[in-house]
Amino acid sequence: MEVMDLQQWHQEAKKRLHKIGQEHLLRFWDELNDIQKTDLLCQIDRLELERIPEWVDNYVHGEGTIEIPQDFEPAPYYPAQPPLERKEEYERAHIAGEKLLREGKVAGFVVAGGQGTRLGFDGPKGNFPISPIKKKTLFQIFAEGLLAARNRFQAEIPWYIMTSPLNNEETIELFEKNEYYGLPREDVLIFQQGTNPNFAFDGRIFLSGKHTIAKSPDGHGGSLKALYTSGAVSDMRDRGIEQISYWQVDNPLIHVMDPLFIGLHAQAESGMSSKTLKKSGPLEKVGNFCMVDGRITVIEYSDLPDEQAYRKKPDGSLVFELGSIAIHMISVAFVEKLNRHGFALPIHKAVKKIPYLDEEGNVIEPDKPSGVKLETFVFDALPMSKKSIILETIRSQEFAPVKNATGTDSAEVTHHMMIDRAADWLQRAGITVPRTKDGKPDCVIEIAPSFALYPDDVKSKIDQVPPILPGNWVYLA
Ligand code: UTP
């Protein structure tokens, strides 16, 4: 009876796959045992088969359907330094943000489901050692930041971590092994995002094994769905959480909890808000914050026409000067609303080196791009929020992503930026930092979040800082 069922299931799947030109997924059927057969059929059932032909047409054969709006303007924003007339507004927001933190209404949320292929690091990227002296990992730095915020605001600040099926187990093992980096275990919640199948350039879905469909995480945009389907949002409701502080796993300079940002976002009753920084040049590879039909929208660098990218204001600065850096505040109500009403983010195509099984069943590890991955981006949800604010931050203070093994956005650059920021914080408190002729710190400094979460924290601790001489290594905790 059971064998019969499996056969029927197989026939059914075969028919459905045949209709959309994907029956090769069953190519190795006769070589599989019953467990493997069942596993493969389950994977096929989980594919959104009815959407596959559209995906193949639009994103594998085509370039996608993301349309650039006819009319768009630069988005309004809160400058990093408030102009005199807005000082009070900033102060009020700061107080409101602190209040939400003290009331335990804010959670941390890091998206850590990416594959980190550019960095080429073995294991979850959160385990990458990055701090200049203690070589703390990214996860440890975030955890210490949250611990310091918990102490400061005397509140529970739960931390949600999104992984993908490719790194979930390893991530959990890391947290277990490191005893949750000092955080209460019940306040660290790890959940998985969804996946999309990988396609060959001819539109056929890749197999990665004889009974395994090749899949990859559905992009950081998948977080908005996964927060809901995983039960994370309902857990947040149980805990009285109203706001989510969102960041990426690759940025050790992040202020995990920023009262000003939290306050500005909450006071504006925004569903989703963003931090921004001034782009380093017209073509910097970051999204551009624009205003489209009264909604804040990110237009990708690759989609912004050059004549717009180079446009200047009378003072010489760029018209489209605000870059998107993947730091957001998101309200719990916004995530719920999106999911209750059914939403879909636009799909982005990424041509990548994707390992696959060839027709003979050999695993091929390509050394050049072999196919297409489909992802969604979290910032595409911004226009779904009626209200949304943008707060400017300063690159050297809050944005140093570890993306590449060498060059731009590499660990080496981030390492130096961490030292530069620490030196800056000390200097602002009146401490002398030795510098080389070109102005770089002539020492290595690491500030632990327990010592200072924000630059002003250093001022009350200057007596704990030893004199710093050229070549010194100074760790402050
Ligand atoms: P990136 O765009 O840098 O992608 O992710 P990546 O997968 O980590 O790295 P490459 O492109 O393979 O080199 C930005 C952030 O979004 C998360 C990443 O973990 C990182 O924090 N992300 C990305 C997810 O959580 N899921 C995804 O599907 C993609």
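Reckoned from all heavy atoms, side chains included, excluding hydrogens, waters and symmetry mates. Read the numbers this way: they start at 1 and go in the same order the structure lists the ligands and their atoms.
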Short question: side chain of [X], backbone of [Y] - any donor-acceptor pair under 3.5 Å?
X      : Y      : answer
Thr276 : Gly323 : yes
His220 : Gly114 : no
Thr137 : Asn127 : no

I want to know if ligand 1 touches [X] in the polar sense, i.e. an N/O pair below 3.5 angstrom.
X      : answer
Gly219 : yes
Val249 : yes
Glu375 : no

Starting from [atom], locate the nearest protein heavy atom and write down its residue, its atom name and how far away it is, to 0.1 Å.
atom                    : value
atom 20 (C) of ligand 1 : Val111 O, 3.8 Å
atom 12 (O) of ligand 1 : Thr117 OG1, 2.4 Å
atom 7 (O) of ligand 1  : Gln115 N, 2.8 Å
atom 26 (N) of ligand 1 : Gln193 OE1, 2.6 Å
atom 24 (C) of ligand 1 : Gly114 N, 3.2 Å
atom 16 (O) of ligand 1 : His220 CD2, 3.4 Å
atom 4 (O) of ligand 1  : Arg118 NH2, 4.0 Å

Only one of Gln140, Met418, Lys135, Lys136 passes side-chain contact (heavy atoms from CB on, under 4.5 Å) with Ile130, and that residue is Met418
Check whether the side chains of Ser273 and Ser270 place a donor and an acceptor atom closer than 3.5 Å, and report yes or no.
yes
Stacked cation flag Lys279 on Phe320, 6.0 angstrom / 45 deg
no
Winner among Gln248, Lys373, Lys352 once heavy atoms are compared against atom 14 (C) of ligand 1
Gln248
For ligand 1, does Ala112 get within less than 4.0 Å through its side chain, its backbone, both, or neither, judged by non-hydrogen atoms?
backbone
With a 4.5 Å cut-off on side-chain heavy atoms, are Met257 and Val106 touching?
yes
So if I count the atoms of ligand 1 from 1 in the order they appear, which ones are less than 4.0 Å from some heavy atom of [X]?
X      : result
Lys403 : 1 (P), 3 (O), 14 (C)
Gly116 : 6 (P), 7 (O), 8 (O), 9 (O), 10 (P), 12 (O), 13 (O)
Gly113 : 19 (O), 24 (C), 25 (O), 26 (N)
Met162 : 25 (O)

Classify the ring geometry of Trp247 against Phe142: parallel below 30°, tilted from 30° to 60°, perpendicular beyond 60°.
perpendicular
Flag the pair Arg204 and Glu359 as a salt bridge only when some basic side-chain nitrogen lies within less than 4.0 angstrom of an acidic carboxylate oxygen.
yes
Below 6.0 angstrom between ring centroids: does that apply to Tyr180 and Trp159?
no
